[in-house]
Asks: 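Pasting a structure below so you can have a look.
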Amino acid sequence: MDLENQRRVKEFAEQYGKENLIVLLGASEGEAAGLAAETVTLGDPTYAGPLAGVSLGLEVYHICEPEMKAEIDEAVYEEQISMMEMVLDVEDIVKEMTAIRSQL
């Protein structure tokens, strides 16, 4: 997650409260999704950005996870996301996201 997005997430957490935010990711690889998820939950693991050493503990999901897919209108999901879902390793992404959430 780039430094600007870290800054924005941190500001939103301060402004709206952690309990009122959910971070929704769309990374194309499990490792990238896991790194971004770790950043917004446990803090920036590279210690380079605004979330270095800051554990926000935010809820975080990937757009292709079943929990999120169930929340989105089927027609919208089909039009906007399903093509990408066909080329992603969704199982790997879900595994990474689940592992990060289990650390909270």
Side-chain angles (χ1 to χ4, degrees):
M1 176 175 285
D2 69 32
L3 302 182
E4 178 62 20
N5 283 337
Q6 285 189 39
R7 182 190 62 76
R8 291 170 68 196
V9 168
K10 185 177 180 186
E11 285 179 1
F12 288 148
E14 291 166 352
Q15 183 177 358
Y16 299 108
K18 298 180 220 182
E19 67 281 357
N20 296 314
L21 295 179
I22 293 178
V23 177
L24 188 59
L25 303 173
S28 60
E29 296 175 347
E31 187 176 347
L35 184 59
E38 183 176 356
T39 300
V40 300
T41 56
L42 306 172
D44 184 354
T46 66
Y47 294 98
L51 294 178
V54 178
S55 178
L56 292 178
L58 296 175
E59 282 192 67
V60 60
Y61 292 90
H62 190 279
I63 191 67
C64 291
E65 286 188 90
E67 298 91 337
M68 290 297 102
K69 190 174 180 177
E71 294 295 322
I72 299 169
D73 180 271
E74 202 172 306
V76 172
Y77 194 92
E78 180 67 29
E79 179 183 327
Q80 299 293 323
I81 301 164
S82 65
M83 285 292 265
M84 277 305 297
E85 186 181 36
M86 289 190 294
V87 298
L88 298 178
D89 185 347
V90 175
E91 187 176 313
D92 183 52
I93 290 169
V94 170
K95 180 181 165 188
E96 286 283 334
M97 299 301 292
T98 302
I100 295 298
R101 284 193 298 270
S102 73
Q103 294 179 38
L104 292 177

Asks: Does one hydrophobic cluster hold both L51 and Y16, with members joined at side-chain heavy-atom distances below 4.5 Å?
Replies: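 Yes, because L51 and Y16 connect within a single hydrophobic cluster, where side-chain heavy atoms sit under 4.5 Å apart.
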
Asks: For the residue pair F12 and Q15, establish whether any side-chain heavy-atom pair is separated by less than 4.5 Å.
Replies: yes

Asks: Please name the pair of heavy atoms, one in L35 and one in P45, separated by the smallest distance, quoted to 0.1 Å.
Replies: CD1-CG, 3.3 Å

Asks: Do Y47 and V40 land in one hydrophobic cluster if side-chain heavy atoms of ILVMFWY residues count as linked below 4.5 Å?
Replies: no

Asks: Considering residues at least two apart in sequence or located in another chain, which fulfil the side-chain hydrogen bond (donor to acceptor under 3.5 Å, both in side chains) criterion with S82?
Replies: E78

Asks: Taking distance alone, no hydrogens or angles, what donor-acceptor pairs closer than 3.5 Å link side-chain atoms of residues 54-70 to residues at least two apart or in another chain?
Replies:
from	atom 1	to	atom 2	distance (Å)
S55	OG	T41	O	3.0
H62	ND1	C64	N	3.0
H62	NE2	A27	N	3.4
H62	NE2	A27	O	2.7
E65	OE1	R101	NH1	3.3
E65	OE1	R101	NH2	2.6
E65	OE2	H62	N	2.7
E65	OE2	R101	NH1	3.1
K69	NZ	E85	OE1	3.4
K69	NZ	E85	OE2	3.4

Asks: Any chance you could measure R8, atom CZ, to M1, atom CE, to the nearest 0.5 Å?
Replies: 10.0 Å

Asks: Are I81 and L24 connected into the same hydrophobic cluster when the rule is that any two of I, L, V, M, F, W, Y join if their side-chain heavy atoms are below 4.5 Å apart?
Replies: yes

Asks: For a quick test of your reading: what N or O donor-acceptor pairs under 3.5 Å do the side chains of residues 90-100 make, sequence neighbours left out?
Replies:
from	atom 1	to	atom 2	distance (Å)
T98	OG1	V94	O	2.7

Asks: How does the hydrophobic cluster around M86 look, that is, which other residues are in it when side-chain heavy atoms under 4.5 Å mark a link?
Replies: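 Its cluster partners, ordered by chain and number, are M83.
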
Asks: With side chain to side chain donor-acceptor pair (under 3.5 Å) as the rule and sequence neighbours excluded, what pairs involving residues 19-32 come up?
Replies: none

Asks: Taking side-chain hydrogen bond (donor to acceptor under 3.5 Å, both in side chains) as the definition, give me every residue that meets it alongside E4, ordered by chain and number, with sequence neighbours left out.
Replies: R7

Asks: Kindly compute the distance separating OG1 (T39) from CG (N5), expressed to the nearest 0.5 Å.
Replies: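 Between atom OG1 of T39 and atom CG of N5 there are 10.5 Å.
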
